[in-house]
Amino acid sequence: MKCFIIANFVISIIFTICYSYQIVYTIISCLKKPKKFKAETFGKFAILIAARNEENVISQLIDSIKKQKYPSGLLDVFVVADNCTDNTAKVASDSGAAVYIRNDLEHIGKGYALDFLFQRIFEDKGTDLYDGYFVFDADNLLDENYVAEMNNVFSAGYDIITSYRNSKNYDSSWVSAGYSLGFLRDAKFLHNARMIVNSGSVISGTGFLVGKNIINENGGWKYFSLTEDCEFSIKNFLNGHKIAYCHDAIFYDEQPVTFKDSVCQRLRWVKGTFIVFGKYKKEILKSFFKKGRFVIFDIIMTSFPAMLLSTISFVVCLTGIVFALITQSNVIDDIVKTLLSTFVSSYFMLFSMGLLTGITERKRIKSKRWKKILYYFTFPIFLFSYIPICIVAPFVNVKWKPTKHSFSMNVSDVNKKKPSAEKELVGK
């Protein structure tokens with residue numbers, strides 16, 4: 001029975017080795033300021049929005065685009081109303097966007113909607129009119145300096161740029177706060193550090209800019225997996241394209257509020273990540289071992305060991321307890337102590353990570369102080385909930401489903417955190 005305890009100890013050592021470099025990332029982010037760039041020219045950009053039944057929120061996004069401190073004549077907004085059964089198309093059109101309607105229940109997913117929109121833009125505008133393409137979800141909101149800050153980095157020669165992902169509804173629940181702290185931590189201590197050391201970052205969902213040469217090279221958007229952002233990132237790593245990060249380009253995203261909605265979304269993320277890595281595993285390993293590219297190691301470490309090792313550790317300890325009960329072994333007390341020790345140490349580590357993020361990003365977190373403090377304590381629980389999701393994901397059939405958004409507010413509401421916005425969410 002001692003083997004169960006030893007196995008858990010070995011897993012802890014491996015976990016520490018895998019993530020020790022992120023301690024260096026954290027130190028770098030605390031000691032060094034984000035890179036700054038200054039554009040000498042203004043790029044002309046198309047802003048793409050894939051929307052499915054988003055009549056409640058899409059006008060606020062388009063309004064935030066109109067209020068950008070950037071030459072308005074250099075920004076065109078395009079919306080694909082994807083299999084909508086509401087007034088998304090009309091609301092978007094009335095708000096000033098060029099709208100294309102897509103009805104295809106066979107090919108469902110954001111990747112298909114984006115490629116459809118790219119093809120329509122190519123047909124109507126050509127492939128060289130725009131210097132780059134922004135991609136947003138309909139529930140996003142942009143800080144007024146967003147495009148200008150992204151253009152600063154774009155003008156420095158970067159073809160793919162991701163940005164700072166903040167939340168519209170940080171304090172709606174412990175679930176939305178868990179998402180938010182996770183994204184803020186990624187922005188501050190992963191994306192930012194990678195940019196400082198001149199490594200490559202990753203695309204995460206939405207809020208990014210892609211140069212026309214990348215899109216033209218692909219002939220549009222050819223990533224149709226459950227996690228098209230992950231596939232896009234990996235494919236561009238393999239093709240030698242570096243993904244940059246702009247810390248001063250802030251956009252706001254709506255997070256799921258209920259645990260049920262969260263599980264459905266994260267189940268898709270985990271399943272999709274497994275599928276994508278399985279699809280490209282040979283190319284990834286070849287690139288890493290032959291070229292020794294640290295960015296490949298980084299993205300693998302970010303995606304897999306935390307989920308895999310935590311799950312294995314949990315299963316090992318649980319198996320040990322069951323085996324001890326069946327055999328009436330007296331080692332069960334040691335196994336339980338090991339499990340509790342692992343839980344406590346992991347909880348403290350994740351709590352510290354959330355607390356450090358909250359302290360460094362406190363000016364960007366829109367929430368009452370007591371809620372900020374409360375959600376530092378629930379943050380580890382949110383991350384622990386990934387364990388059962390990781391256990392289940394390989395064995396279930398997951399299909400892409402749109403996430404319902406109803407937190408209708410503009411940027412000024414986010415900054416002020418008006419109570420009416422939260423009441424509206426409850427009412428819907």
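Atoms considered below: every heavy atom in the structure, side chains included; atoms not considered: hydrogens, waters and symmetry mates.
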Engineer: Please determine, by modelled atom types, if Tyr164 and Glu361 share a side-chain donor-acceptor pair under 3.5 angstrom.
Structural biologist: yes
Engineer: Could you measure the distance from the CD atom of Gln255 to the CG atom of Asn166? Nearest 0.5 Å is fine.
Structural biologist: 9.0 Å
Engineer: Kindly say whether the aromatic ring centers of Tyr375 and Phe382 come within a distance under 6.0 Å.
Structural biologist: no
Engineer: Hey, which of Tyr70, Phe45, Phe136, Tyr252 is the one that makes ring-ring contact (aromatic ring centres under 6.0 Å, His included) with Tyr146?
Structural biologist: Phe136
Engineer: Applying side-chain contact (heavy atoms from CB on, under 4.5 Å) between Asn169 and each of Ser180, Ser176, Pro256, Ser367, report the one that passes.
Structural biologist: Ser176
Engineer: More than 12 non-hydrogen atoms from neighbouring residues, nucleotides or ligands closer than 6.0 Å to NZ on Lys69, yes or no?
Structural biologist: no
Engineer: Below 4.5 Å, heavy atoms only, C-beta onward: do Arg185 and Phe379 meet side chain to side chain?
Structural biologist: no
Engineer: With no hydrogens and no angle check, is any side-chain donor or acceptor of Asn216 less than 3.5 Å from a backbone partner on Gly211?
Structural biologist: no
Engineer: Taking all non-hydrogen atoms of both residues into account, name the closest pair between Val80 and Ala50 and its distance.
Structural biologist: CG1-CA, 3.5 Å
Engineer: Can you tell whether the side chains of Lys110 and Asp137 come within less than 4.0 Å, N to carboxylate O?
Structural biologist: yes
Engineer: Verify the neighbour count for atom OH of Tyr347: are there more than 12 heavy atoms of other residues, nucleotides or ligands below 6.0 Å?
Structural biologist: yes
Engineer: Do Phe134 and Ile65 make a side-chain contact, defined as non-hydrogen atoms from C-beta onward lying under 4.5 Å apart?
Structural biologist: no
Engineer: Could you measure the distance from the NE2 atom of His191 to the OG atom of Ser204? Nearest 0.5 Å is fine.
Structural biologist: 5.5 Å
Engineer: Are a donor atom and an acceptor atom from the side chains of Glu217 and Asn213 found within less than 3.5 Å of each other?
Structural biologist: no
Engineer: Is the backbone N or O of Gly220 less than 3.5 Å from a side-chain atom of Asp115, with the two atoms forming a donor-acceptor pair by type?
Structural biologist: no
Engineer: Looking at Phe343, is its backbone amide N or carbonyl O close enough to the side chain of Ser346 to form a donor-acceptor pair, meaning the two atoms are under 3.5 Å apart?
Structural biologist: no
Engineer: Does the side chain of Asp86 come under 3.5 Å of the side chain of Thr88 through a donor N or O and an acceptor N or O?
Structural biologist: yes
Engineer: Which atom names give the shortest non-hydrogen contact between Tyr100 and Leu117, and what distance separates them?
Structural biologist: CD1-CD1, 3.6 Å
Engineer: Hey, does Phe237 have a side-chain heavy atom less than 4.5 Å from the side chain of Ile243?
Structural biologist: yes
Engineer: Return the OG to OH distance between Ser225 and Tyr280, rounded to the nearest 0.5 Å.
Structural biologist: 7.5 Å
Engineer: Side-chain contact, heavy-atom cut-off 4.5 Å: Leu383 with Met353?
Structural biologist: yes
Engineer: Charged N to carboxylate O under 4.0 angstrom, Arg268 versus Asp229?
Structural biologist: no
Engineer: What I want to check is whether the side chains of Asp253 and Tyr179 have a donor and an acceptor closer together than 3.5 Å.
Structural biologist: no
Engineer: Between Lys66 (side chain) and Ser95 (backbone), is there a donor-acceptor pair under 3.5 Å?
Structural biologist: yes
Engineer: Indicate yes or no: at least one non-hydrogen side-chain atom of Ile160 is less than 4.5 angstrom from one of Lys242.
Structural biologist: no
Engineer: Could you walk me through whether Lys38 and Asp248 satisfy the salt bridge (charged side-chain N to carboxylate O under 4.0 Å, His left out) test, starting with their C-alpha distance in whole Å, then the side-chain angles of each, then the deciding distance to 0.1 Å, before giving a yes or no?
Structural biologist: CA-CA 12 Å; Lys38 186 64 178 178; Asp248 292 322; over 6 Å; no
Engineer: Quick one: sort the Phe122 and Tyr133 rings into parallel, tilted or perpendicular, breaks at 30° and 60°.
Structural biologist: perpendicular
Engineer: Is the shortest distance from a Lys or Arg side-chain nitrogen in Glu144 or Lys67 to a carboxylate oxygen in the other one below 4.0 Å?
Structural biologist: no
Engineer: Where is the tightest heavy-atom contact between Asp143 and Gln68, given as atom of each residue plus distance?
Structural biologist: O-NE2, 2.8 Å
Engineer: In terms of side-chain geometry, is the basic nitrogen of Arg194 or Asp298 positioned less than 4.0 Å from the acidic oxygen of its partner?
Structural biologist: yes
Engineer: Flag the pair Asp124 and Arg120 as a salt bridge only when some basic side-chain nitrogen lies within less than 4.0 angstrom of an acidic carboxylate oxygen.
Structural biologist: no
Engineer: Aromatic contact between Tyr25 and Phe189, with the criterion being ring centroids under 6.0 Å apart: yes or no?
Structural biologist: no
Engineer: One thing to verify: whether Asp82 and Arg102 come together as a salt bridge, which I'm taking to mean a side-chain N less than 4.0 angstrom from a carboxylate O.
Structural biologist: yes
Engineer: Please check: side-chain N/O of Gln119 versus main-chain N/O of Gly219, any donor-acceptor pairing under 3.5 Å?
Structural biologist: yes
Engineer: Tell me if the CD1 atom of Ile381 is crowded by more than 12 foreign heavy atoms within 6.0 Å.
Structural biologist: yes
Engineer: Should the pair Lys286-Glu283 be classified as a salt bridge under the 4.0 Å nitrogen-to-oxygen rule?
Structural biologist: no
Engineer: Which atom pair, heavy atoms only, marks the closest approach of Gly207 to Ser163?
Structural biologist: O-OG, 2.7 Å
Engineer: Minimum heavy-atom separation for Leu226 and Gly272, please, with both atom names.
Structural biologist: CB-CA, 3.8 Å
Engineer: Short question: side chain of Lys372, backbone of Gly358 - any donor-acceptor pair under 3.5 Å?
Structural biologist: no
Engineer: Answer whether the closest heavy-atom distance between the side chains of Leu209 and Tyr158 falls below 4.5 Å.
Structural biologist: no
Engineer: Is it true that a side-chain atom of Lys271 and a backbone atom of Val398 form a donor plus acceptor pair closer than 3.5 Å?
Structural biologist: no
Engineer: Where the side chain of Asn87 meets the backbone of Lys90, is there a donor-acceptor pair that is under 3.5 Å apart?
Structural biologist: no
Engineer: Using modelled atom types only, decide if a donor and an acceptor are shared between the side chain of Thr162 and the backbone of Ile203 within a distance under 3.5 Å.
Structural biologist: no
Engineer: Would you say the ring centroid of Phe351 lies under 6.0 angstrom from that of Phe377?
Structural biologist: yes
Engineer: May I ask you to check whether over 12 heavy atoms, not counting those of Phe297, lie within 6.0 Å of atom CZ?
Structural biologist: yes
Engineer: Among Val91, Ile49, Ile101, Leu48, find the residue that satisfies the side-chain contact (heavy atoms from CB on, under 4.5 Å) test when tested with Val79.
Structural biologist: Ile49
Engineer: Determine whether the aromatic ring centres of Trp174 and Phe259 lie less than 6.0 Å apart.
Structural biologist: yes
Engineer: Are the side chains of Ile389 and Trp269 in touch, meaning some heavy atoms are under 4.5 Å apart?
Structural biologist: no
Engineer: Is it true that a side-chain atom of Asn53 and a backbone atom of Thr85 form a donor plus acceptor pair closer than 3.5 Å?
Structural biologist: yes
